Amino acid sequence: MATNNVLRSPYTGDIVWNEPWMTQDEALTAIKSAEAASKIWGKVPLKERIRRVRQAIAQFETGRDELAVHITSTAGKPISQSGIEIDFGVGKMKTLCDLATEALADEMRSDGGLEYIVQRVPKGVIDIISPWNYPVFVALVGVLPALLSGNAVVLRHATAPHVGAFFAKCFGSIHLGANVPSMNDAGSKLLVHMHTSIATHDWLGTHCDAIAHRIFTGSTAAGRRIYESLGQRAANADLRQPFIAASLELGGNDAAYVHKDAEIATACDFLAVIGRLHNTGQSCCSTKRLLVHSDVYQQVCETMAAHFASTTSGNPMDAASALGPLYRGAAAAEELFAMVLDAKARGARVVVGGKDVTNLGEGNLRQTCVLPCGPAGVTFAPTLLLNAPVTCSAMRDESFGPLLPVARVTSVEEAVTIAADSKYGLTGSVWTTDATVAKTFVDASDTGTCYVNWCNDVHARICWEGLKQSGNGSRGMGLDGFKGLTHTKSVLKSAKPLQISQSLPDPITIAGLDAGLFV
């Protein structure tokens, strides 16, 4: 196994990170540091935790430009989009700070002489595994609720380690309490960047007692491995807390439906620029299937083709570049091209650069779709698959790149039936000015999020979860995002002790207790 984590720019091929992996002992020491911090941090009053987290967030604003360069050099994301990710990420972090007081407040009810209180108690150490494609945003979805809830965090950001190190710098320097000047002085760190190999991190998940919850964002296959590890952990009789939860947000094949009354120009602009082509199409919740009412099908296809034709790739460090190289290079491009060939074989028309290239032979078609991007990079020309049959792989499986199948439908009912016929359940969207059509689509959708005249976005004020093979229904963001990272402690209070005869209904008596009626 490699002793170093070596990462290269997907555009230039230059090495952008070359550091040794943590050893198992180093990783355990780091987790113990976080565990020590969590015991102190969890006792800091919520109002003070919020204040200190806000101070740490400010470092993302001052370090924005440098961090954006690291994101672009490592992932190939266009530099303008890297900056936007940080800007929007800061906004979402601040919103989560605004929500924390309400989300973590005690729930109080009373019934007669009894008072019921439900408290939110920090779990301890939250293990977060974050991906490369939105390295700031995806990480903060778990980091902010975890810290605000009183937990410590161990963050594995192996494919965007500069970002992981930046998170550790910002949140790892938060002061823990009046008697503890800083985490480092106490031998403890509130957020630790876990520069661990997959094998080491898998071992930690099944053997490290301090880990109280796991958060993973990535592919469905990798998410399945994380869930399997929970079973292995449960079988480890040496652990004090073998039964922990995991929050999984995985792949998607999100569908958008454009109804006949939609504002076509606005809808297509949003669906092309944000829905499909943002980050070179490499987003879990981007629009990957487009369903269009037959009355406006031709108009939508022509408008989308014009958008795709005008969007070109280039050096991701150039602010004018809209697309960059694919992160996984030639392998990713070949997966997309295989979807093109499959759709073509099933009768779809292939449109690249606004031109119908369906009749090209396989070799020329590959040269049209799979393009060089920089000294070492590969990208994929923005491609539409028109009249795509629902049986083609682009309609059935997740595509990670600027490829979009488009299918014709005759009603919202047909659209939602096709949209729901998927193994994924992350998001869906409907584009209409008719409230009844919107409600029909939303009510029938089986996705964690459903948009109306919007897509490919995550808002901090509402819950975010994936269903079916897009996740395990765990919730991030919103008020519920905090609750999954805490235990509940239920407290029952009586104003004064009651005699047993007064508190138990007839015919139950003390003899009934002796007989074990309540066991």
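Since the model is a prediction, treat every value here as computed from it, not as a measurement.
In this structure, the side chain to side chain contact (heavy atoms under 4.5 Å, CB included) partners of Leu67, at least two apart in sequence or on a different chain, are Phe60, Ile71, Ile86, Val136, Val163, Phe166. The side chain to side chain contact (heavy atoms under 4.5 Å, CB included) search around Leu371 returns Thr379, Ala381, not counting sequence neighbours. Every side-chain hydrogen bond (donor to acceptor under 3.5 Å, both in side chains) that Ser229 has, sequence neighbours left out, goes to Arg214. Residues meeting the side chain to side chain contact (heavy atoms under 4.5 Å, CB included) test with Arg8, sequence neighbours left out: Ile15.
Applying the salt bridge (charged side-chain N to carboxylate O under 4.0 Å, His left out) test to residues at least two apart or on different chains, the pairs with a partner in residues 93-102 are Arg54-Asp98, Glu61-Lys94. Counting only residues at least two apart or in different chains, side-chain hydrogen bond (donor to acceptor under 3.5 Å, both in side chains) contacts with residues 239-256 comprise His213-Ser247, Glu249-Trp464, Asp254-Thr427. The salt bridge (charged side-chain N to carboxylate O under 4.0 Å, His left out) pairs that include a residue from residues 9-22 number zero, where partners must be two or more places apart or lie in different chains. Within the structure, the salt bridge (charged side-chain N to carboxylate O under 4.0 Å, His left out) test picks out no pair touching residues 150-161 (sequence neighbours left out). Pairs of residues two or more places apart, or lying in two chains, that qualify as salt bridge (charged side-chain N to carboxylate O under 4.0 Å, His left out) and include a residue from residues 78-90 are Arg64-Asp87, Lys77-Glu85. Among pairs with a residue in residues 71-105, none fulfils ring-ring contact (aromatic ring centres under 6.0 Å, His included), at least two apart in sequence or across chains.
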Given side chain to side chain donor-acceptor pair (under 3.5 Å), test Ser82 with Thr72 step by step and report yes or no. CA-CA 6 Å; Ser82 295; Thr72 295; 2.8 Å; yes

After noting the C-alpha distance and the side-chain angles of Trp132 and Thr74, does the key distance pass the side-chain contact (heavy atoms from CB on, under 4.5 Å) rule? CA-CA 8 Å; Trp132 53 267; Thr74 304; over 6 Å; no

Evaluate side-chain contact (heavy atoms from CB on, under 4.5 Å) for Ser73 paired with Met317, printing each intermediate quantity in order. CA-CA 8 Å; Ser73 64; Met317 288 295 183; 3.8 Å; yes

Start with the C-alpha distance between Arg276 and Ser399, add both sets of side-chain angles, then the distance that settles side chain to side chain donor-acceptor pair (under 3.5 Å), and finish with yes or no. CA-CA 10 Å; Arg276 193 64 194 109; Ser399 58; 3.1 Å; yes

Before giving the answer on salt bridge (charged side-chain N to carboxylate O under 4.0 Å, His left out), spell out for Arg224 and Glu228 the whole-Å C-alpha distance, their side-chain angles and the decisive distance to 0.1 Å. CA-CA 6 Å; Arg224 185 172 287 111; Glu228 289 171 349; 5.5 Å; no

Pair Leu204-Asp127, side-chain contact (heavy atoms from CB on, under 4.5 Å): steps then yes or no: CA-CA 10 Å; Leu204 293 170; Asp127 174 32; over 6 Å; no

Go through Phe171 and Leu190 one step at a time and tell me if the side-chain contact (heavy atoms from CB on, under 4.5 Å) criterion holds. CA-CA 7 Å; Phe171 296 111; Leu190 194 55; 5.9 Å; no

Kindly indicate, with the supporting measurements, whether the criterion side chain to side chain donor-acceptor pair (under 3.5 Å) is fulfilled by Thr23 and Asp25. CA-CA 5 Å; Thr23 66; Asp25 286 344; 5.5 Å; no

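By the 4.5 Å heavy-atom criterion applied to side chains, Leu467 and Glu465 are counted as neighbours. At a threshold of 4.5 Å between non-hydrogen side-chain atoms, the residues Lys288 and Ser286 count as touching. In this structure, Phe337 and Leu403 have side chains that are not in contact, with every pair of non-hydrogen atoms separated by 4.5 Å or more. With contacts defined as side-chain heavy-atom distances shorter than 4.5 Å, the pair Leu336/Leu326 qualifies. The closest side-chain heavy-atom distance from Val118 to Lys489 is not below 4.5 Å. The shortest side-chain heavy-atom distance between Thr486 and Pro122 does not fall under the 4.5 Å cut-off. A 4.5 Å side-chain heavy-atom check between Val370 and Phe380 finds at least one atom pair inside the cut-off.
Taking the six-membered ring where tryptophan is involved, the planes of His207 and Trp203 are essentially parallel, since the angle between them stays under 30° and well short of 60°.
The aromatic ring centres of Trp41 and His175 sit 6.0 Å or more apart.
For Glu35 and Lys32, the salt-bridge test fails: no basic side-chain N is under 4.0 Å from an acidic carboxylate O.
Using a distance-only test at 3.5 Å, with no hydrogens or angles considered, no donor-acceptor pair links the side chain of Ser321 to the main chain of Leu323. Panel note: side chain Ser422, backbone Tyr424; a donor-acceptor pair is recorded below 3.5 Å. Looking at Asn5, its side chain does come within 3.5 Å of a backbone N or O of Ala158 through a donor-acceptor pair. A distance-only check finds no donor-acceptor pair linking the side chain of Thr196 to the backbone of His201 [under 3.5 Å].
Scanning all heavy atoms of the two residues, the minimum distance from Glu398 to Gly252 falls at CG-O, 3.0 Å. When all heavy atoms are compared, the tightest approach of Arg225 to Asp202 is NE-OD2, 3.4 Å.
Exactly one residue among Thr391, Asp342, Asp421 makes a side chain to side chain donor-acceptor pair (under 3.5 Å) with Arg396. That residue is Asp421.
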Could you pull out every donor-acceptor pair under 3.5 Å between side chains of residues 454-463 and any protein atom, sequence neighbours left out?
residue : atom : partner : partner atom : Å
Trp454  : NE1  : Asp457  : OD2          : 3.2
Asn456  : OD1  : Ser283  : OG           : 3.1
Asn456  : ND2  : Ile274  : O            : 2.7
Asp457  : OD2  : His459  : NE2          : 2.8

List the atom pairs, with distances to 0.1 Å, where a side-chain N or O of residues 146-155 and a protein N or O form a donor-acceptor pair under 3.5 Å, not counting sequence neighbours.
residue : atom : partner : partner atom : Å
Ser149  : OG   : Pro145  : O            : 2.6
Asn151  : OD1  : Lys123  : N            : 2.7
Asn151  : OD1  : Gly124  : N            : 2.8
Asn151  : ND2  : Ala146  : O            : 3.1
Asn151  : ND2  : Leu485  : O            : 3.0

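Surrounding NZ of Lys423 are more than 12 heavy atoms belonging to other residues, nucleotides or ligands, all under 6.0 Å away. Shown here is Ile198, whose CD1 atom has no more than 12 heavy atoms of other residues, nucleotides or ligands within 6.0 Å.
A donor-acceptor pair shorter than 3.5 Å cannot be found between the side chains of Trp17 and His70.
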